[in-house]
Amino acid sequence: MTLTLTSPCQVYQTPPDATKDAVLEAFKAGYRHIDSAAAYRNEAGVGEAIRASGIPRSEIFYTSKIPTPVLKEGYEATKQQVEKSLKTADVEYIDLLLLHAPYGGPAMRKGAWKALVEATEGGKVRSIGISNYGIHHLDELEKHIADLKAERGNGGIISVGQYEIHPWCARNDVIEWFAKRNIACEAYSPVVQGQRWGDKTLKKLADKHGKTEAQILLRWSLQKGCIPLPKSVTPSRIKENANIYDFELSQEEVAELETNEYSPVCWDPLTSGIDN
C-alpha cells in the first residue's frame, strides 16, 4: 500500500502550550500532515488546532504513535492506548498510528501490532506502521503478519515506517527494504537538529541553489525517496521548510552530500536485540 502524505510537519519537542499555535501556523503555510505521538504529550494541542483551523477533517492527515512503556505491555495496553490517544486529541479517527519503537520482545510486538490491526478494522485508525524498527525487527514483523493472517484472516499492512534519516545516517538498507514492498518511508530529524550547519558540501550546495542549508537537506530526503518531517515552532521556518519544490539536486549532488557516517542525533532503537 502506498500513501500520499502531503507537506508533513512534526511536533516533536513542541511544548504542549505552544502546539496549537505552531500547528495553525503550519496549516497557514500549506501543511496538511501533522505528526505527533503520545510520548510528545501534545496530542491535545494538535486536536485543538485541527478543530480551530476550519479545514475539513478529511483534508488533514494526523499521525500519532504508541509509546514505549505501552509497547512493552503488548496487546491489551496498546488497545487502551488507541482509545486514550483518540480521546486526548478528541478526534474520531487517527489517519496513521505507528508503533514508536521495537521494544518488548517478540510476543509483545506481535500483540501490539494485532491491536493496531483491530483498530483499523474498527475504523478508529486508517493506516498503521512502525518507527525505529531494525531490519531484524522488520523481518520478524512480516512473520507476525503472516501468522496473524493465518490465525484470524487479517494480519494488517505496514503502510509507513518512520526513521531518523539524513546524509550522516542514511539507512539505505531500510529505504531499500521499504521500496521493495511499496512502504512509505518518513524521515525525522531530516535537518540533523542543526548540528551540521556549515558543513562544506552542504554550504556549497545551498549557495549554488540559492537555498538554505535546511532546504537542501529536505530536498535530499525527498530525492532519496523519503517523506521528510521537519519540526519548527517559528513561523518563518515553517514556511521555509515547505518551500522546497521549486528546485532539484542532481543525482551527483545527492550522492556527494551523503556520507558513510552512522551518526544518529536522536535515540537509536534499531540496534536493540530481537529479544529486547
Side-chain angles (χ1 to χ4, degrees), residues 1-67 70-71 78-101 112-113 115-132 156-163 183-190 226-233 238 241-242:
M1 178 180 181
T2 301
L3 297 182
T4 300
L5 310 181
T6 59
S7 298
C9 181
Q10 190 176 58
V11 292
Y12 170 62
Q13 291 185 336
T14 301
D17 59 357
T19 298
K20 178 182 176 182
D21 288 343
V23 174
L24 286 173
E25 286 292 339
F27 287 151
K28 289 178 185 177
Y31 291 86
R32 292 296 181 267
H33 174 196
I34 306 300
D35 181 271
S36 184
Y40 302 167
R41 301 184 183 279
N42 54 23
E43 291 173 306
V46 174
E48 290 174 8
I50 290 172
R51 291 188 295 280
S53 69
I55 300 169
R57 177 66 181 89
S58 61
E59 295 180 13
I60 296 172
F61 195 96
Y62 171 52
T63 298
S64 194
K65 308 177 193 75
I66 305 294
V70 172
L71 296 172
T78 302
K79 283 185 65 176
Q80 293 172 17
Q81 182 61 49
V82 172
E83 299 297 336
K84 183 177 179 181
S85 287
L86 287 166
K87 183 177 180 180
T88 299
D90 193 14
V91 293
E92 292 184 359
Y93 63 90
I94 296 170
D95 294 277
L96 174 65
L97 192 57
L98 307 177
L99 303 181
H100 209 155
W113 181 258
L116 294 197
V117 174
E118 290 181 355
T120 65
E121 293 169 340
K124 299 171 182 178
V125 176
R126 297 290 178 85
S127 300
I128 57 178
I130 47 79
S131 182
N132 301 304
I157 297 172
I158 309 170
S159 294
V160 175
Q162 188 178 115
Y163 291 79
I183 299 171
C185 184
E186 295 180 336
Y188 67 80
S189 292
C226 298
I227 301 160
L229 293 169
K231 173 261 174 182
S232 181
V233 297
I238 290 172
N241 290 341

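Please read these numbers as outputs of a predicted model, since none were measured by experiment. All residue numbers in this chain count up from 1 along the given sequence.
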Picking from Ile130, Asp35, Ile227, what satisfies side chain to side chain contact (heavy atoms under 4.5 Å, CB included) with Gln162?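 Filter result, single survivor: Asp35.
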
Please report the closest heavy-atom contact between [X] and [Y], naming both atoms and the distance.
{"X": "Ile238", "Y": "Ala26", "result": "CG2-CA, 3.7 Å"}
{"X": "Gly129", "Y": "Leu116", "result": "O-CD1, 4.2 Å"}
{"X": "Tyr62", "Y": "Ala89", "result": "OH-CB, 3.8 Å"}
{"X": "Val82", "Y": "Ala119", "result": "CG1-CB, 4.1 Å"}
{"X": "Ser85", "Y": "Ala38", "result": "OG-CB, 4.3 Å"}

Heavy-atom donor-acceptor pair, [X] side chain to [Y] backbone, under 3.5 Å:
{"X": "Ser131", "Y": "Leu98", "result": "no"}
{"X": "Asn132", "Y": "His100", "result": "yes"}
{"X": "Tyr40", "Y": "Lys65", "result": "no"}
{"X": "Thr14", "Y": "Val11", "result": "yes"}
{"X": "Arg51", "Y": "Asp90", "result": "yes"}
{"X": "Ser53", "Y": "Ile50", "result": "yes"}
{"X": "Arg126", "Y": "Ile94", "result": "no"}

Atom [atom1] of [X] and atom [atom2] of [Y]: how far apart are they, to the nearest 0.5 Å?
{"X": "Ile66", "Y": "Ile128", "atom1": "CD1", "atom2": "CD1", "result": "10.5 Å"}
{"X": "Asn241", "Y": "Gln10", "atom1": "CG", "atom2": "CD", "result": "11.5 Å"}
{"X": "Ser64", "Y": "Leu96", "atom1": "OG", "atom2": "CG", "result": "9.5 Å"}
{"X": "Gln13", "Y": "Ser189", "atom1": "CD", "atom2": "OG", "result": "8.0 Å"}
{"X": "Gln81", "Y": "Lys79", "atom1": "CD", "atom2": "NZ", "result": "14.0 Å"}

Indicate yes or no: at least one non-hydrogen side-chain atom of [X] is less than 4.5 angstrom from one of [Y].
{"X": "His33", "Y": "Cys9", "value": "no"}
{"X": "Glu186", "Y": "Tyr163", "value": "no"}
{"X": "Thr63", "Y": "Leu97", "value": "no"}
{"X": "Val23", "Y": "Tyr31", "value": "no"}
{"X": "Ile34", "Y": "Phe61", "value": "no"}

Are the charged groups of Lys124 and Glu118 less than 4.0 angstrom apart, N to O?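 Salt bridge between Lys124 and Glu118, a charged N being under 4.0 Å from a carboxylate O: no.
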
Looking at residues at least two apart in the chain, or sitting in another chain, which of them share a salt bridge (Lys or Arg N to Asp or Glu O under 4.0 Å) with Lys231?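 Once residues adjacent in sequence are excluded, Lys231 has no partner under the salt bridge (Lys or Arg N to Asp or Glu O under 4.0 Å) criterion.
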
Chi angles and distances behind the salt bridge (Lys or Arg N to Asp or Glu O under 4.0 Å) call for Asp95, Arg57: CA-CA 10 Å; Asp95 294 277; Arg57 177 66 181 89; 2.9 Å; yes

Evaluation steps, side-chain hydrogen bond (donor to acceptor under 3.5 Å, both in side chains), between Ser36 and Asn42: CA-CA 7 Å; Ser36 184; Asn42 54 23; 2.8 Å; yes

